[in-house]
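For reference, the structure is listed below as structure tokens.
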Amino acid sequence: MSARPTLTITARYVWELVFDYDNSGNSGKICSKCCHNLTVNDRPGEIVHSYEYTTSGSYTSTTFNETVTEEARKLVESGSIQLQSGASYGPVSASVEAGFSTSTEVNNMLQYTTKEQSEETTTWSIKETRQYTIGAHSRLILYQRHFYGPGMSVQDSALRTTSVPLPADEIEEEVLIDLELEARNYISGMTVVYADQASHAPSDRVRDWFGGSDDINFGFEGKFVWLVPVYTPQVSEALTNFDLVIQVQDDPRYDDLAAGTGGSFRYLLPVRQNNQYLFISKLTLVRSDSSLGDLSNVTWPGLPQGATRDINAGRDGTYLYLSWQLQRAYAL
């Protein structure tokens, strides 16, 4: 197997000031206990400071992937890398450059960029408590490290204390993010496979989400019928949805999903809508004993998706839907 193409994007670490308490002219002490309130203890000269320590992050997939695509396009134009024109590439691994100190929060964020993405900005936040004691005739300055990259912001768990302000050249540092890329595959069509025996089921057929039968004609007389997706890395060939047509007339242009049953003809029509940026990347059948009006809480919760109406509409048997996950494309 040939090595995956790689590229590097730029991010930065910034030490941002949390607090700066100067007790150098005080014979007492300041006790810092995480929250922004100041109180005076019973003992003269002693001050208690509270501060809330938070780790947090936000990720916008569109900003990140648009940056990756733009950097990949530059490398292709310069001849530094070879990628398929018209394909959409995404990271399968992302890591801070070797030898650079990082944190669990940043590593988790980078791994998240390789997962299936919501169209919405994803955020998280965790609060913790830290306590610091500032002695007499001393000064304590606390910094927290922030990570900023394309579509990424992390307030991580790295804290730094010092008695003097950090020099300008230590406040901010550039860091490189190494990415391994892979062309994303989308659905460009569907093959309907017929057989007289269940043992002839193709291995790459569309399966049922709940593990039930993936034979479209399950429960009916007639042929065994399975759906096999056709994939493409070319965004220009990718589909946006499927239309289900149920009619009494035969249409020789399409393959009947109800072959041999003697009832209405049932067809899946591939659709590619213009001016769309979300395309089908995964398919599943959903077979249920009851009607499922909204599949968004069943298949791929929180991710863009779509589905047909009931394939078995107008005939007895279980309810059956074809559902698909949608993924944004960033064509080179």
Side-chain angles (χ1 to χ4, degrees), residues 1-16 55-126 143-160 166 168-186 231 233-235 277 281-282 303 327-332:
M1 179 182 292
S2 59
R4 292 190 178 103
T6 61
L7 64 77
T8 300
I9 59 174
T10 302
R12 59 194 176 97
Y13 274 119
V14 180
W15 288 104
E16 297 189 358
T55 59
S56 62
S58 68
Y59 173 65
T60 305
S61 64
T62 51
T63 303
F64 175 80
N65 284 288
E66 285 168 357
T67 300
V68 171
T69 302
E70 182 59 30
E71 293 302 314
R73 188 175 291 117
K74 292 176 183 178
L75 292 177
V76 169
E77 292 173 351
S78 68
S80 302
I81 192 174
Q82 291 186 343
L83 300 175
Q84 295 183 60
S85 177
S88 177
Y89 283 81
V92 293
S93 72
S95 59
V96 173
E97 63 180 318
F100 200 96
S101 175
T102 185
S103 66
T104 299
E105 294 83 9
V106 172
N107 285 336
N108 289 343
M109 174 69 76
L110 294 177
Q111 288 306 305
Y112 188 72
T113 66
T114 68
K115 309 299 181 182
E116 296 167 342
Q117 307 294 314
S118 166
E119 287 291 291
E120 306 297 329
T121 296
T122 302
T123 61
W124 57 269
S125 179
I126 300 174
Y143 294 91
Q144 185 172 8
R145 190 170 64 175
H146 290 232
F147 171 85
Y148 298 102
M152 299 179 288
S153 174
V154 178
Q155 187 176 358
D156 75 13
S157 56
L159 299 173
R160 183 174 180 180
L166 291 176
D169 61 353
E170 292 186 30
I171 290 290
E172 183 171 330
E173 186 174 11
E174 182 179 285
V175 58
L176 300 180
I177 307 301
D178 298 324
L179 305 175
E180 281 190 321
L181 303 181
E182 189 172 76
R184 294 188 171 115
N185 280 320
Y186 300 91
Y231 293 93
Q234 294 296 310
V235 176
Y277 52 84
S281 59
K282 290 184 178 180
L303 298 177
Q327 188 173 51
R328 183 184 285 262
Y330 304 85
L332 290 176

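All values below come from the heavy atoms of this structure, side chains included, with hydrogens, waters and symmetry mates left out.
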[X] versus [Y]: any side-chain heavy-atom pair under 4.5 Å?
X	Y	answer
M152	Y112	no
E119	Y277	yes
Q84	L332	no
L179	T6	no
T113	V68	no
M109	W124	yes
T62	R328	yes
T114	V92	no

Nearest 0.5 Å, please: how far is [atom2] in [Y] from [atom1] in [X]?
X	Y	atom1	atom2	result
E120	L303	CD	CG	11.0 Å
S157	R145	OG	CZ	8.0 Å
S56	Q144	OG	CD	7.5 Å
N65	Q327	CG	CD	8.5 Å
L176	E97	CG	CD	4.5 Å
E170	Y143	CD	OH	9.5 Å

Over all heavy atoms of both residues, which pair between [X] and [Y] is shortest? Give the atoms and the distance, please.
X	Y	value
D156	S103	OD2-OG, 3.1 Å
I81	A72	CG2-O, 4.2 Å
T67	P150	OG1-CB, 3.4 Å
A87	V235	C-CG2, 4.3 Å

field: Worked verdict on S88 versus Y186 for side chain to side chain contact (heavy atoms under 4.5 Å, CB included)
entry: CA-CA 9 Å; S88 177; Y186 300 91; 3.5 Å; yes
- request: Let me see the working for I9 and F64 under side chain to side chain contact (heavy atoms under 4.5 Å, CB included), right down to the final yes or no.
  value: CA-CA 10 Å; I9 59 174; F64 175 80; 3.7 Å; yes
task: Let me see the working for F147 and E105 under side chain to side chain contact (heavy atoms under 4.5 Å, CB included), right down to the final yes or no.
output: CA-CA 10 Å; F147 171 85; E105 294 83 9; over 6 Å; no
query: Any donor-acceptor pair under 3.5 Å linking the side chain of R73 with the backbone of A331?
result: yes
Does one side chain, of [X] or [Y], offer a donor that lies under 3.5 Å from an acceptor on the other?
X	Y	value
Y13	T102	yes
S58	S153	no
E174	T10	no

field: For S93, the option from Q111, E180, R4, E182 that meets side-chain hydrogen bond (donor to acceptor under 3.5 Å, both in side chains)
entry: E180
message: If you apply the rule side chain to side chain contact (heavy atoms under 4.5 Å, CB included), what do you find for H146 with Q155, and how did you get there?
response: CA-CA 5 Å; H146 290 232; Q155 187 176 358; 3.5 Å; yes
field: Ion pair K74/E77, N-O distance below 4.0 Å
entry: no
